[in-house]
Every structure is written in structure tokens, then in C-alpha cells.
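Order of the sequence lines sets the chain letters (A, B, ...), proteins ahead of strands, with each chain counted from 1.
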2 protein chains.
Amino acid sequence: MVEKNIPDIVISRLPIYLQTLHQIEKQGETIISSRELGELFGITAAQVRKDLSFFGEFGKQGSGYNIDFLKSQIRAILNIDRTWDVALIGAGDLGNAIARYPGFLERGFSIEYVFDSDLTKIGKLVGGHIVMPSDTMVETIRAAEIQIAMITVPSRAAQQVADDLVRAGVRAILNYAPVPLNVPENIRVETVNPIIQLEHMTYYIK
Amino acid sequence: MVEKNIPDIVISRLPIYLQTLHQIEKQGETIISSRELGELFGITAAQVRKDLSFFGEFGKQGSGYNIDFLKSQIRAILNIDRTWDVALIGAGDLGNAIARYPGFLERGFSIEYVFDSDLTKIGKLVGGHIVMPSDTMVETIRAAEIQIAMITVPSRAAQQVADDLVRAGVRAILNYAPVPLNVPENIRVETVNPIIQLEHMTYYIK
DNA sequence: TTCTGTGAACCGCTTCACAGCG
DNA sequence: CGCTGTGAAGCGGTTCACAGAA
């Protein structure tokens, strides 16, 4: 799979295609056209075809795309044709909700460790995991070669945790704290910030 | 404030400017240039100026933008120079975490009601709110004229809840369920989907 | 015929570059 | 001078339109 300069915006649509294909498949469909797939989230058929053509020729002229095959191709492109081990840092309310939510594992993200700096939480069980003390985090993550972490600590602690994660060898961080994180160029960060999403909507409902 | 056809992508950057200004202000700054503001999240100075110029002339030539003034202007543009009442539907783990999180209120989103269909949860207290039964939801939201709702129910129930919310007069929905919601044109929906964000990052860490 | 894959045209956001004001 | 506001140029993603395969 030779991928050169594929626009990031195309990459960001692939997980959405995948989610849509999951839905469609549940309804018993096995084949879908670019037009149908596009309509399901408001994108033109041409864009669907153009996006997919960056990676190969997955469709059949005259009929469309085999849903199961397309799913497996997109999974391979996104490197999710495997399970990723994940570390969760922060065992507060949100961390608990995430640790107990089965949806991550269903999609191949397996939470292997939960860390917290609060001594009263350490040793407790959340979502099947014993909460471990933060001061063992760098060592543990490095030894387990974990590459993805989620941060659900208070904002004031988030940057320090991010620094530690980078030292531990993590390459992607999903950040639930509402602050920007400074990390080296080669580390990916995505921030979950529902307040920004709310503020986006209020513009339109004046 | 006469706003015609402002690109949605510009609107989506305003909450980020606002968040950045919050951070900067904490460090004691009172004035910021477009270059500095842009550097803080990887955008050119020209883009910052162009974005803001859609709404007015907020800067001072020779010096830059007064942070406090710019914040108040952006708040006014986004209609967050007020408090919005919000309804939360779903009192599971995630709903609990959201109800107990003070960050929404700090930014002007006040959770006024929490609903759940699970009889064992009704009447319990989460984040200072008594959980109310779902079958009173439409009536209650309509009477309180609530315009924003957050959905934290299981995926299978999300579309039904969304339909009910639309009937109740809600105009914006923050959806935490990993399914697309079908709503009328004039209703805004934003989905929080951390799995999609993880899948976006795994592309780059092969 | 139907629907994909794709070069080319199109369009809209980004960047440039400079007038203008403090 | 320094920095904003903005028309114009530039560029990259989107859409068009059609050849070609099933």
C-alpha cells in the first residue's frame, strides 16, 4: 500500500465511512454504491469515489462496493486490523465511565492499564482494572510498549501527564482535558472538547 | 451585527480562539497580536485577522488585540454572552460524569434536568439533580423552553430520544452515542465520538 | 445500463502583500 | 515602525463529466 501525500481531511473521513458501513451492514446489505454511502452522511458520490481511489480500486463497476471487503480495506488503511493496547490516565468520573464502557474494546482499543495519582483510588477496581499509582506509569507503559493513551485528569495536571507519556514512548494521545497539550512533532494529539462543540452550535441557534 | 455568509469553518475556529484567549489571559497578558494568537494553535497571522474581520474591527493597529475585549466580542458572536439551559438524557456512567463535571456551567451551559428511562435510577441525585423519568421529558423540556440537549443513552435508544427532543422544541443536540442521528434541517447535531478520533490517529502511527 | 475511477474544471479557503492608522 | 484590515493571488479540496468495465 503505497500512500504518498493523502490529504488529512480524507483520512479523517475514513473512520466515518467505516462507522456508516457498520450501520448499513446491520441492516443486511452486502453491497453499496458511492451515491448511497455518500447520502448517509451528506457527501457527494464523487467525493466518496475520489477518497477511496487514493488507496486502491475497491469497487465493482456496474454494482458498487462490497461492504465487508470495503470495511476490511479501510481497517487496514487505518491500521485497525489489529487490537491496540491503551493506557487510561485519570480514574475520576470520566475515567470510570470510559473504563467501564465496552465500546472501545469492541472497536479494537483495549484498555490495559488505569493510572491515578490519588492514593485513595489506587488498588480499586474500575472496569475490570486495578487502578495503579501514577509514579509507576512511565515504567509500566514503556515495558508494555503501549502506544496510545487517554488523559482524563484535571486540566492543571494534563501537561505534566502528557510529558510523562511522551517519555514513556506513547505516540498518540486522546486528551479529554480542555487545554492544548504541547508535545513533540511526531506525537499525535486529538482533544475531546464538548464545550467547543456546544459553542459551535449556539452560533446558529440565536 | 450583520453576518451574511460566513464559512462554517471560520465559526468552528471561534471557540478555539476563545479557549486560547482564556489560557493567555491567565498568564497575565492583556494584549495579543494576530501572530501570537495564531502560533498558539498553528494558524497563520493572516488567517486570524481574516477570520476576525468577518465580524468587525477588533484590533488596534500597531499594538494588537485587547484580550478581554476580543473575548467579549467572540462570546457575543457565538451567543454565549448568556447562560444556556441544557437537558441531559441518560444517567448512566457517562451521564453521571457529565452531570457532576463543573466545566459546563463555568462556560455558561447549565444542566437543568437529567432524564433516564431506568426506573431504578429515577429519583436518585446526580450532580445535584434528581433523575426524572423519560416519559415526562417532552413536556418538561417544552415547558422550560430548553433549546440544548445532550444524549448519553445507549446507541439503540438514541434516535428515539432525538425524535422526542425535536418534538420538545430542542434546537441543538450534543450526541455522545456512536450513531448518526436523523433530524430536521433546522436542528443542529454535533457528535462526540472518541473512537473516530482514535482511528484517525492510528493511521499515522503505523 | 449501471456505476466506478479519474483528469480537468471549478470553487472556496488560505496566504500574500500592502495601504493605512496609531 | 508595528500591526491591523483587506483586495487579490494562490492553492488545494470538491465537483463535474466521461471513458471504461461488469
Side-chain angles (χ1 to χ4, degrees), chain A residues 1-17 20-21 24 29-74 77 200 203, chain B residues 1-17 20-21 24 29-74 76-77 200 203-204:
Chain A
M1 198 162 302
V2 187
E3 295 146 27
K4 336 121 223 198
N5 270 7
I6 294 160
D8 183 64
I9 196 162
V10 172
I11 306 302
S12 68
R13 276 194 293 267
L14 294 181
I16 306 177
Y17 290 132
T20 307
L21 292 170
I24 293 302
E29 302 291 329
T30 59
I31 286 180
I32 191 168
S33 69
S34 58
R35 184 182 48 74
E36 293 170 305
L37 183 49
E39 279 174 1
L40 286 167
F41 60 104
I43 265 184
T44 65
Q47 179 142 63
V48 172
R49 295 199 301 276
K50 182 71 102 182
D51 282 353
L52 298 176
S53 73
F54 277 106
F55 306 98
E57 308 196 353
F58 304 139
K60 276 200 171 46
Q61 289 173 330
S63 57
Y65 300 87
N66 177 295
I67 293 176
D68 194 55
F69 174 71
L70 185 53
K71 276 175 59 182
S72 75
Q73 292 298 306
I74 294 178
I77 295 164
H200 186 187
Y203 174 81
Chain B
M1 200 161 299
V2 188
E3 296 147 27
K4 339 116 225 210
N5 269 8
I6 294 161
D8 184 64
I9 195 162
V10 172
I11 307 302
S12 69
R13 277 194 292 266
L14 295 181
I16 307 176
Y17 290 132
T20 307
L21 292 170
I24 293 301
E29 303 290 329
T30 60
I31 286 181
I32 191 167
S33 69
S34 59
R35 185 182 48 75
E36 293 171 305
L37 183 49
E39 280 175 1
L40 286 166
F41 61 104
I43 263 184
T44 65
Q47 179 143 63
V48 172
R49 295 199 301 276
K50 182 72 103 183
D51 281 353
L52 298 177
S53 74
F54 277 106
F55 305 97
E57 309 194 352
F58 303 140
K60 276 198 172 46
Q61 290 171 329
S63 57
Y65 299 88
N66 177 294
I67 293 176
D68 194 56
F69 175 71
L70 184 54
K71 276 176 59 182
S72 74
Q73 291 297 308
I74 294 178
I77 294 163
H200 184 188
Y203 175 81
Y204 294 101

Would you mind building the protein contact string for nucleotides 14-22 of chain C? One character per nucleotide, 5' to 3', B for base within reach (heavy atoms under 4.0 Å), S for sugar-phosphate only, - for untouched. SBBB--BBS
Which whole-number value in Å describes the distance from E36(B) CD to dT4(D) C1'? 14 Å
Is a donor from one side chain sitting under 3.5 angstrom from an acceptor on the other, for Y203(A) and D8(B)? no
Quick one, I43(A) and I16(A) - any side-chain contact, counting heavy atoms below 4.5 Å? no
Can you see if the side chain of S34(A) gets near the phosphate of dT4(C) - specifically, an N or O under 4.0 Å from OP1 or OP2? yes
Check the distance between dC16(D)'s P and R35(A)'s CZ and give it to me in whole angstrom. 15 Å
We want to know whether S33(A) and E36(A) form a side-chain donor-acceptor pair, criterion being a heavy-atom distance below 3.5 angstrom. yes
Answer yes or no: does a side-chain N or O of Y65(A) lie under 4.0 Å from OP1 or OP2 of dT2(C)? no
L52(A) CG to dT6(C) C1', straight-line distance once rounded to whole Å: 13 Å
Roughly, in whole Å, what's the span from CD in E57(B) to C1' in dG5(D)? 6 Å
Evaluate K60(B) against N66(B) for side-chain contact (heavy atoms from CB on, under 4.5 Å), listing each step before the verdict. CA-CA 8 Å; K60(B) 276 198 172 46; N66(B) 177 294; over 6 Å; no
For atom CD1 of I31(A) and atom P of dA22(D), their distance in whole Å: 14 Å
Contact check, side chains of D51(A) and Y17(A), non-hydrogen atoms, under 4.5 Å: yes
Roughly how many Å is it from CD1 in I6(B) to C1' in dG12(C), rounded to a whole number? 15 Å
State, yes or no, whether a side-chain contact exists between I32(A) and T20(A) at a heavy-atom distance under 4.5 Å. no
Starting from P on dT14(D), measure out to CZ on F41(A) and report it in whole angstrom. 11 Å
Grab the CG-P distance between L37(B) and dC3(D) for me, whole Å please. 14 Å
